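Reviewing the structure listed below.
Quantities reported herein were computed from a predicted structural model and do not represent experimental measurements. Throughout, a chain's letter reflects where its sequence line sits, starting with A, and its residues are numbered from 1.
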Amino acid sequence: MQSTLVKEIYRETTRFLNQKVELSGWVRTVRTSKAFGFIEINDGSFFENIQVVFEEGLTNFAEIGKLTISSAIRIQGELVPSPGAKQPFELKAENIEVLSLASADYPLQKKRHTFEYLRTIAHLRPRTNTFAAVFRVRSMIAYAVHKFFQEKGYVYVHTPIITGSDAEGAGEMFKVTALDLANPPKDGEGNVDFSKDFFGRVTSLTVSGQLNVETYCMAFRKVYTFGPTFRAENSNTARHAAEFWMIEPEIAFADLADNMNLAEEMMKFLIQYALDNAPEEMVFFNNFVDKTLFDRLENILNSEFARVTYTEAVELLEKENAKFEYPVRWGMDLQTEHERYLTEKIFQKPVFVSDYPKGIKAFYMRLNDDNKTVAAMDLLVPGVGEIIGGSQREERIEVLEGRMQEVGLNSEDYWWYLDLRRYGGVKHAGYGLGFERVIMYLTGISNIRDVISFPRTANSSEF
RNA sequence: UCCUCGAUAGCUCAAUGGUGGAGCAACCGGCUGUUAACCGGUAGGUUGUAGGUUCGAGUCCUACUCGGGGAGCCA
């Protein structure tokens, strides 16, 4: 008999009802009585379990009644309507084969566990309802990201993981070296001589694919990256990780407004995709993780994101200065408390904040005509904070070189980046989207460590 | 990295400076439709690590490790 998947049974019930089927899966719970019992199994194909009924007529009835949680079994039987209220159908077992008996000290019990504990058993936590739901949604949303951009004609560019550009200013970098760290070669001044290293220079793990992907943008017009990103910041928060995935679209012949339009359309697409394609998981999140999830997501789908300039945001916030630990004034970067107040209290939905003072933003962002602000934008969302950071890029070479000088960068190190402005450079824009932050936003999970399979944070790289 | 709170049975938590307990899980038994099944019983401990104060420390002090919340940095 050919094995059937639980997902097929749920999605095409009439095809299987009152038919013989074979299932295989892992035991989630066993409830026994003297002459019969129930097993719920999960076969990995679907969020929901299926209930198996077994009776004392089975030759191995006693053995089956003592099955431990997470044991693997194969069942042949008939799919029948269930008299119980909690499931529409159940499998009446005619034969149950024990494929693998799990040790009784299996650490996941039939009870609620804290996320903190589950992080210590990251190799087992995808077997829980919550993490099964999180990681199935994560997989679907990764696909949805590609679907969104590919169907719009974007070219997916694999930018390098190892980079020699050392001074992008996006964060502390992890060094990549093949030198013997116990005995590295030294130069005349006693410093490590990286010219003897594998690449003949200092190299690091990428903190952003942006500078590289801009080059492909000038060839393909619409491009995106989607890959791992590394920051050696000693951040200890619920929304930072040392290794995370980032999506960076870049569009030519486009300005900051086009950039924001794209970001808004993409966010709505991803939300709709999750609701349409993972309904069981999303209902679970709404019931057990964040009871406001559906209200929040529906509100976003049905409304336009707010858009304010930094200057307007500062004016709005200054009226509320009494409420803040750090009062707002023009020229300072917005504190987390200010960002939260904007998106959670004033607008109560996602808000783009644009046109920040040039002094607090990166050198490559396009200088506005006021000479004081740059065409940058952050997307702030309730509960998560900054989920997107982007800008229109400076395409005027003399302005760009001037900005690099202001912030102390050596333009020779960026010769190929500057070349883009020499050879058909046009206005263009792009942004970086933190993939994990999207998953947090879509699921209501509040710690980034719980939306990455094996999170890497400071002092934490077990598994 | 800073502020703050915490770490006790496999898990979630109690225990006034004076004999470390409970619920759940595990194990044994019972139960004819269960739904985190239920009922009875058994076993389970170097109180995060290293020092210190004290007649006596889970409890007080110091350092460290890890975790939660907040901040900085950002995605």
Query - Pairwise P distance, B/rG17 and B/rG6 [rounded to whole Å] - result: 14 Å
Query raised in the report: A/K86 side chain: which of B/rC74, B/rU35, B/rC73 is closest?
Result: B/rU35
Query raised in the report: How is A/F38 classified with respect to the nucleic acid when contacts are heavy atoms under 4.0 Å: base, sugar-phosphate, or nothing?
Result: base
**Report entry** Heavy atoms from other residues, nucleotides or ligands near OH of A/Y326 exceed 12 (cutoff 6.0 Å)
**Finding:** no
Report task. Write down the distance between CD (A/E40) and P (B/rA36), rounded to a whole number of angstrom. Result -> 8 Å
Report task. Figure out the CD1/P separation between A/I448 and B/rG68, and round it to whole Å. Result -> 13 Å
Report task. Give the nucleotide from the list B/rC31, B/rC28, B/rG33 with an atom nearest to the side chain of A/K66. Result -> B/rC28
Report summary line: Taking B/rC74, B/rG68, B/rC31 as options, the one with an atom nearest any side-chain atom of A/E339 is B/rC74
Query raised in the report: Is A/R307 positioned over the aromatic face of A/F347, cation under 6.0 angstrom from the ring centre and no more than 45 degrees off axis?
Result: no
Query raised in the report: Across the strands shown, which category fits A/T29 at heavy-atom distances under 4.0 angstrom: base, sugar-phosphate, nothing?
Result: sugar-phosphate
Query raised in the report: Using a cut-off of 4.0 Å on non-hydrogen atoms, how would the nucleic acid contact of A/F36 be classed: base, sugar-phosphate, or nothing?
Result: sugar-phosphate
Report task. Could you pick out which residue, A/E325 or A/T457, lies toward the 5' side of RNA chain B when each is mapped onto its nearest nucleotide? Result -> A/T457
Report summary line: Here the distance between atom P of B/rC74 and atom CG of A/L433, to the nearest Å, is 18 Å
Query raised in the report: Hey, is the side chain of A/T336 poking within less than 4.0 Å of OP1 or OP2 on B/rG72, counting only N and O atoms?
Result: yes
Requested in this report: May I ask you to verify whether the side chain of A/Q335 and the base of B/rG72 hold a donor-acceptor pair under 3.5 Å?
Outcome: no
Report summary line: Of B/rG68, B/rC73, B/rC31, the nucleotide closest to the side chain of A/R449 is B/rG68
Query raised in the report: Choosing from B/rC74, B/rG33, B/rG69, which nucleotide comes nearest the side chain of A/H240?
Result: B/rC74
Query - Of the listed nucleotides B/rA71, B/rU12, B/rC27, the one nearest the side chain of A/K111 - result: B/rU12
Query raised in the report: Under 6.0 Å between ring centres, would you say that holds for A/F226 and A/F435?
Result: yes
Requested in this report: Assess the side chains of A/S391 and A/R393: does a donor N or O sit below 3.5 Å from an acceptor N or O?
Outcome: yes
Query - A/E265 and A/K152: CA distance, side-chain angles, deciding distance, salt bridge (charged side-chain N to carboxylate O under 4.0 Å, His left out) verdict - result: CA-CA 12 Å; A/E265 188 185 350; A/K152 288 176 166 297; 2.8 Å; yes
Requested in this report: Give one of base, sugar-phosphate or nothing for A/T114, where a contact means two heavy atoms less than 4.0 Å apart.
Outcome: sugar-phosphate
Query raised in the report: Which part of the nucleic acid, if any, lies within reach of A/I388 when heavy atoms closer than 4.0 Å are counted: base, sugar-phosphate only, or nothing?
Result: sugar-phosphate
Query raised in the report: Would a distance-only check, ignoring hydrogens and angles, find a side-chain to backbone donor-acceptor pair under 3.5 Å from A/R449 to A/R456?
Result: no
Query - Test item: side-chain donor near acceptor, A/Y10 and A/E48, under 3.5 Å - result: no
Report task. Would you state whether a donor and an acceptor, one from the side chain of A/E233 and one from the base of B/rU1, lie under 3.5 Å apart? Result -> no
Query raised in the report: Are OP1 or OP2 of B/rG68 and a side-chain N or O of A/N447 less than 4.0 angstrom apart?
Result: yes
**Report entry** Sub-6.0 Å ring centroid separation between A/H123 and A/F454
**Finding:** no
Report summary line: Atom CD of A/Q210 and atom C1' of B/rC74 are separated, to the nearest Å, by 14 Å
Report task. Could you check how far CZ of A/F324 sits from P of B/rA71, rounded to whole Å? Result -> 13 Å
Report task. Find the distance A/E55:CD to B/rU34:P and express it as a whole number of Å. Result -> 14 Å
Report task. Dot-bracket for RNA chain B, please, read 5' to 3', with Watson-Crick or G-U wobble pairs under 3.5 Å on both distances, ( ) within the strand, [ ] crossing, | other strand, . unpaired. Result -> (((((((..((((....[..)))).(((((.......))))).....(((((..]....))))))))))))....
Report task. Tell me which nucleotide among B/rA71, B/rU35, B/rC66 gets nearest to the side chain of A/T237. Result -> B/rA71
Query - Residue met sooner reading RNA chain B from 5', once A/H113 and A/V53 are mapped to nucleotides - result: A/H113
Query raised in the report: How would you label the contact of A/I387 with the nucleic acid (heavy atoms, under 4.0 Å): base, sugar-phosphate, or nothing?
Result: sugar-phosphate
Report task. State which of B/rU34, B/rG72, B/rU1 makes the closest approach to the side chain of A/E90. Result -> B/rU34
Query raised in the report: Starting at CZ of A/R31 and ending at P of B/rG33, how long is that distance when rounded to a whole Å?
Result: 13 Å
Query raised in the report: Using a cut-off of 4.0 Å on non-hydrogen atoms, how would the nucleic acid contact of A/A458 be classed: base, sugar-phosphate, or nothing?
Result: nothing
Requested in this report: For A/D105, answer base if it contacts any base atom (sugar-phosphate contacts may also be present), sugar-phosphate if it contacts only those atoms, and nothing otherwise; contact means non-hydrogen atoms under 4.0 Å.
Outcome: nothing
Query raised in the report: How is A/G432 classified with respect to the nucleic acid when contacts are heavy atoms under 4.0 Å: base, sugar-phosphate, or nothing?
Result: sugar-phosphate
Requested in this report: In whole angstrom, give me the gap between the P atoms of B/rA15 and B/rA9.
Outcome: 15 Å
Query raised in the report: How long is the gap from CH2 on A/W330 to CG on A/L317, to the nearest 0.5 Å?
Result: 14.5 Å
Query raised in the report: Can you check side-chain contact (heavy atoms from CB on, under 4.5 Å) on A/I39 and A/I64, steps first, answer last?
Result: CA-CA 9 Å; A/I39 307 173; A/I64 298 304; 3.6 Å; yes
**Report entry** Rounded distance in Å - CD (A/E56) to C1' (B/rG30)
**Finding:** 15 Å
Requested in this report: Would you indicate what A/Q51 reaches in the nucleic acid, counting non-hydrogen atoms under 4.0 angstrom: base, sugar-phosphate, or nothing?
Outcome: base
Query raised in the report: On a whole-Å scale, what distance lies between the P atoms belonging to B/rU53 and B/rU62?
Result: 15 Å
Query - Under 3.5 Å donor-acceptor pair, A/S235 side-chain atoms to B/rC73 base atoms - result: yes
Query raised in the report: Touch check for A/P83, heavy atoms < 4.0 angstrom, all strands: base, sugar-phosphate only, or nothing?
Result: base
Query raised in the report: How is A/N236 classified with respect to the nucleic acid when contacts are heavy atoms under 4.0 Å: base, sugar-phosphate, or nothing?
Result: base
**Report entry** Nearest-neighbour nucleotide for the A/A104 side chain, B/rG68, B/rG23, B/rC27 considered
**Finding:** B/rC27
**Report entry** Ring center gap for A/F54 and A/F36 short of 6.0 angstrom
**Finding:** no
